[in-house]
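Comments concern the structure below.
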Amino acid sequence: MSSCVGPAAKLAEAPRPIPIPVAPVPVQVAKAGPAAPANIRPELFKRAIAALDRHASRIPTHDRVAIVDFAQPSHRPRLHLVNLGTGACESFLVSHGVGSDPGHTGLLQRFSNEPNSEASSEGAFLTADYYVGKHGDSQRLLGLDPTNNNAYDRAIVVHSAWYSNAEMIAQHGKLGRSQGCFAVGERELAKVFERLGPGRMIYSAKA
């Protein structure tokens, strides 16, 4: 007796393959870094954040950074304290070293890491302890790069000075010069110390 099951019926009886679910391929989304505040050059801000990442293991606290833009003349606020969480930025006047501007033009001409150069240094610094020295309340700095690793031995610190007060700009059109330290106005030091504190980064550059 011939089979009474036609081709269509045989096809219907054949087991159907069970589809294997394909897991979706995760989309890699690059984590966006903090945006540069409006008053900081984007390329400088990017370099500062890269330095923070590079020295992350030596910098305990990453919530705020200081960025010093020595491409700007001394009559402009060029010490920027940035809250990386909120993006808030406060800017202050700061002097550069006499060895960085021998002609007292108001513009930093060169950096140096050499002892007795009385020049400012570039690179990443770690803020350290407070002490009272010849300039009053001061904060020691540790240089983290080959361009500033003599900072501690050179006594490159944060302090206040009369020649960094805003009145100097009204009288002379520029600030006075330090011996390589980050000298801020006498009325601004407490605020700078409060915002910066120990264990954070100062990044100094010109390019």
Side-chain angles (χ1 to χ4, degrees), residues 36-45 48 64-83 88-125 127-128 130-141 143 147-148 150-151 154-197 200-207:
N39 52 340
I40 301 180
R41 292 182 290 125
E43 64 274 18
L44 176 61
F45 185 77
R64 291 191 295 274
V65 297
I67 300 175
V68 184
D69 186 358
F70 277 131
Q72 303 300 318
S74 66
H75 68 264
R76 293 183 181 172
R78 53 186 179 172
L79 166 60
H80 308 291
L81 292 175
V82 185
N83 185 316
C89 179
E90 296 176 89
S91 301
F92 302 87
L93 296 168
V94 65
S95 292
H96 54 252
V98 60
S100 289
D101 180 17
H104 201 185
T105 65
L107 281 167
L108 181 143
Q109 306 295 328
R110 69 181 186 95
F111 289 113
S112 178
N113 190 35
E114 295 300 317
N116 303 315
S117 66
E118 297 189 332
S120 299
S121 296
E122 63 181 327
F125 299 81
T127 59
Y130 298 110
Y131 71 101
V132 179
K134 66 178 182 179
H135 297 290
D137 293 338
S138 305
Q139 184 174 30
R140 291 185 176 92
L141 301 175
T147 53
N148 65 359
N150 289 326
R154 293 179 60 208
I156 302 301
V157 303
V158 179
H159 66 76
S160 65
W162 60 270
Y163 55 77
S164 294
N165 291 335
E167 290 81 3
M168 292 293 293
I169 297 172
Q171 296 174 15
H172 305 286
K174 56 196 171 189
L175 299 182
R177 296 164 296 172
S178 69
Q179 293 177 300
C181 295
F182 298 95
V184 301
E186 294 170 307
R187 293 181 296 276
E188 306 297 337
L189 184 67
K191 186 179 291 187
V192 170
F193 279 174
E194 178 186 355
R195 302 293 192 273
L196 192 54
R200 293 185 173 91
M201 184 189 76
I202 296 177
Y203 185 74
S204 164
K206 181 177 180 180

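One-based numbering along the sequence shown.
- At a threshold of 4.5 Å between non-hydrogen side-chain atoms, the residues S100 and Q109 do not count as touching.
- Between E118 and R154, no side-chain nitrogen of the basic residue sits less than 4.0 Å from a carboxylate oxygen of the acidic one, so the salt-bridge criterion is not met.
- Using a 4.5 Å cut-off on side-chain heavy atoms (C-beta onward), D69 and R41 make contact.
- Counting only N and O atoms by type, the side chains of S204 and N148 include no donor and acceptor under 3.5 Å apart.
- Between the NE2 atom in H96 and the OG atom in S74 there is a gap of 5.5 Å [rounded to 0.5 Å].
- With rounding to the nearest 0.5 angstrom, the CD atom of Q72 is 11.0 Å from the CD1 atom of I40.
- Salt-bridge formation is not detected for the pair D101/R177: no Lys NZ or Arg NE/NH1/NH2 atom is positioned less than 4.0 Å from an Asp or Glu carboxylate oxygen.
- Taking 4.5 Å as the limit, some side-chain heavy atom of Y131 sits within range of a side-chain heavy atom of S138.
- Closest approach of L81 and V192 over heavy atoms only: CD1-CA, 4.1 Å.
- For the pair L108/S120, a side-chain contact is recorded, criterion being any heavy-atom separation below 4.5 Å from C-beta on.
- Between L93 and I169 the shortest side-chain heavy-atom distance falls below 4.5 Å.
- The OG1 atom of T127 lies 7.0 Å from the CG atom of L141; values are rounded to the nearest 0.5 Å.
- Counted by atom type alone, S178 and S95 present zero donor-acceptor pairs between their side chains at under 3.5 Å.
- Between the NE2 atom of H172 and the NE2 atom of H104 there is a distance of 8.5 Å, given to the nearest 0.5 Å.
- Within the 4.5 Å cutoff, the side chain of V157 has heavy atoms near those of the C181 side chain.
- In this structure, E90 pairs ionically with R195, as a charged nitrogen and a carboxylate oxygen lie closer than 4.0 Å.
- Side-chain contact between F111 and T147 is absent, with no heavy-atom pair separated by less than 4.5 Å.
- F70 and F182 have parallel rings, their planes meeting at less than 30° on a 0 to 90° scale where 60° marks the start of perpendicular.
- Interatomic distance, NE2 of H159 versus CZ of F193, reported as 9.5 Å (0.5 Å rounding).
- Taking all atoms of both residues into account, the shortest heavy-atom contact from V82 to P37 is CG1-CG, 3.9 Å.
- Proximity of F45 to I67: side-chain heavy atoms (C-beta onward) are separated by under 4.5 Å at one or more points.
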